[in-house]
K.L.:
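The structure's right below; bear with me while I get my questions together.
Numbering of ligands and ligand atoms starts at 1, following listing order. What you see below is based on every heavy atom in this structure, not just the backbone, and it leaves out hydrogens, waters and symmetry mates.
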Amino acid sequence: MSDKVLISPSILSADFAALGQAVRDIDAAGADMIHIDVMDGHYVPNLTIGPDVVKALRPHSEKPFDVHLMISPTEILVPLFIAAGADYITVHPDAGPHLHRTLQSIRAAGVKSGIVLNPGAPVEQLDPVIDLCDQVMIMSVNPGFGGQSFIPSQLDKIRAVRAKIDAFKAAGGHDILLQVDGGVNPTTARDCIAAGATSLVAGSAVFKGAGTYAENIAALRGDALTKAA
Ligand code: DX5
Ligand code: ZN
């Protein structure tokens, strides 16, 4: 691990009646990105945020918007999230219909692209599209809800993806963030970082953790706040 791990708080755990304030607060508390969970009630059994909300939040922070699309089909709605101001768009390979073209279109718009591997998905899903990914996300819970428990078997998948990214880079490829999403708290964060993660999503641990947002973010990095400040 070279650099400090990135923290991308998920506003899924924020007060939905005050999302603008939540984004400003986690920005000020040291978030590296803002994680926005988009759910359609079809690909996952929950409904959350659409492109108009992303657009409305855009003026509240200059930090990258890390938009996690849990919608099927994915491809037809991607342009709306690009127009709304997404900096990263991460998609589920099985949400379809054409993963390769979806990733191409995200990158062609100058936006960072990523794929998400669900807990039941094989690591090989990455192989045909690694050259089109700026980020690979490992889901350490099944997608749809915040507040679930970390699935420990996903640590092996993080290690396997770490090896694939390192091999890709050693062969001259670009850098790729390795992100973990779901059940990340200060304890599981340590395991994820040791396994090779470079970016951590956390909803409950930031918004409902024991300390201030800044303390909760620092704890995920493995820093005491005084050391991080
Ligand atoms: C779940 C979402 C996660 C969720 C994480 O489908 O993708 O981003 O907000 O929430 P916690 O950190 O509470 O597990
Ligand atoms: Zn997410």
K.L.:
Give, for atom CD1 of Ile7 and atom CG of Leu220, the distance between the pair rounded to the nearest 0.5 Å.
P.N.:
5.0 Å
K.L.:
How wide is the angle at the Zn ion (ligand 2) between ND1 of His68 and OD2 of Asp181, to the nearest 10°?
P.N.:
90°
K.L.:
How long is the straight-line distance from CD1 of Ile36 back to CG of Leu57, given to the nearest 0.5 Å?
P.N.:
6.0 Å
K.L.:
Has the side chain of Asp66 got a donor or acceptor atom that lies under 3.5 Å from a matching backbone atom of Met33?
P.N.:
no
K.L.:
How is the N/O/S atom of Asp37 that comes nearest to the Zn ion (ligand 2) named?
P.N.:
OD1
K.L.:
Indicate whether the side chain of Thr188 and that of Asn185 have a donor and an acceptor atom separated by less than 3.5 Å.
P.N.:
yes
K.L.:
So, taking the atom named CE in Met137 and the one named CG in Leu177, what distance separates them when rounded to the nearest 0.5 Å?
P.N.:
10.5 Å
K.L.:
Name all pairs fulfilling the salt bridge (Lys or Arg N to Asp or Glu O under 4.0 Å) condition that reach into residues 52-62, sequence neighbours left out, sorted by first residue then second.
P.N.:
Arg58-Asp87
K.L.:
Enumerate, one pair per line, all nitrogen or oxygen atoms of ligand 1 lying under 3.5 Å from a protein nitrogen or oxygen, stating the separation to 0.1 Å; write 'none' if no such pair exists.
P.N.:
{"from": "ligand 1", "atom 1": "6 (O)", "to": "Gly144", "atom 2": "N", "distance (Å)": "2.8"}
{"from": "ligand 1", "atom 1": "7 (O)", "to": "Asp37", "atom 2": "OD1", "distance (Å)": "2.9"}
{"from": "ligand 1", "atom 1": "7 (O)", "to": "His68", "atom 2": "ND1", "distance (Å)": "3.2"}
{"from": "ligand 1", "atom 1": "7 (O)", "to": "Asp181", "atom 2": "OD2", "distance (Å)": "2.8"}
{"from": "ligand 1", "atom 1": "8 (O)", "to": "His35", "atom 2": "NE2", "distance (Å)": "3.4"}
{"from": "ligand 1", "atom 1": "8 (O)", "to": "Asp37", "atom 2": "OD1", "distance (Å)": "3.1"}
{"from": "ligand 1", "atom 1": "8 (O)", "to": "Asp37", "atom 2": "OD2", "distance (Å)": "2.8"}
{"from": "ligand 1", "atom 1": "8 (O)", "to": "Asp181", "atom 2": "OD1", "distance (Å)": "2.7"}
{"from": "ligand 1", "atom 1": "8 (O)", "to": "Asp181", "atom 2": "OD2", "distance (Å)": "3.0"}
{"from": "ligand 1", "atom 1": "9 (O)", "to": "Ser10", "atom 2": "OG", "distance (Å)": "2.9"}
{"from": "ligand 1", "atom 1": "9 (O)", "to": "Asp37", "atom 2": "OD2", "distance (Å)": "3.1"}
{"from": "ligand 1", "atom 1": "12 (O)", "to": "Gly203", "atom 2": "N", "distance (Å)": "2.8"}
{"from": "ligand 1", "atom 1": "13 (O)", "to": "Gly147", "atom 2": "N", "distance (Å)": "2.8"}
{"from": "ligand 1", "atom 1": "13 (O)", "to": "Ser204", "atom 2": "N", "distance (Å)": "3.1"}
{"from": "ligand 1", "atom 1": "13 (O)", "to": "Ser204", "atom 2": "OG", "distance (Å)": "2.5"}
{"from": "ligand 1", "atom 1": "14 (O)", "to": "Gly183", "atom 2": "N", "distance (Å)": "2.8"}

K.L.:
Which atom name would you report as the N, O or S atom of His35 nearest the Zn ion (ligand 2)?
P.N.:
NE2
K.L.:
How long is the span from the CD1 atom in Ile26 to the NE2 atom in His60, to the nearest 0.5 Å?
P.N.:
12.5 Å
